[in-house]
Amino acid sequence: MYTPSSGSPADQPGAAGLARAMSPGVVDYLFRQLVAGRPPEDVQWQREGISLAAQPEGAELARRLAETDIDALTPVELFHYVRAAQRLSSWAEDLRQAAVGRYCHPPECQAPAEAARPARHSAS
């Protein structure tokens, strides 16, 4: 029979993932929501501005993702964070591919039609 050396599940091998699943701040937030009878999701941010899910791809979304403390996110918020990061990554990859295509195949200089045709001399 296995008897752990300490009573903490985090001390057991393989349990580090369980102990790190939610930060203490998230656990505290969820507990306060439960005691107050409110939903576990933080809905205050929805009233304060555009959500990450609705933020268009670009510099503002990149700034918001970079400034977010992911340890403070609830599981639902973390899901939306990951989805927004995936959208931003896909958008940036499309920009990169367009730039590589432009670099590898630069547009031809379009000359006027008259300059492109050889001059014809009439026999007079």
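The chain is numbered in sequence order, starting from 1. As the structure is a prediction and not an experimental result, all values here were calculated from the model.
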Listed by chain and number, what are the side chain to side chain contact (heavy atoms under 4.5 Å, CB included) partners of A84, not counting sequence neighbours? L52, L61, L65, R87

State which residues pass side chain to side chain donor-acceptor pair (under 3.5 Å) with R102; sequence neighbours excluded, sorted by chain then number. none

Sorted by chain and residue number, the side chain to side chain contact (heavy atoms under 4.5 Å, CB included) partners of L95 (sequence neighbours excluded) come out as W91

When Q55 is tested against each of H80, R64, E60 for side chain to side chain donor-acceptor pair (under 3.5 Å), which residue passes? R64

Who are the side chain to side chain donor-acceptor pair (under 3.5 Å) partners of E67, not counting sequence neighbours? R63

State which residues pass salt bridge (charged side-chain N to carboxylate O under 4.0 Å, His left out) with R83; sequence neighbours excluded, sorted by chain then number. none

Could you list the cluster mates of V35? Members are the ILVMFWY residues connected by side-chain heavy atoms closer than 4.5 Å, either directly or through other members. F31

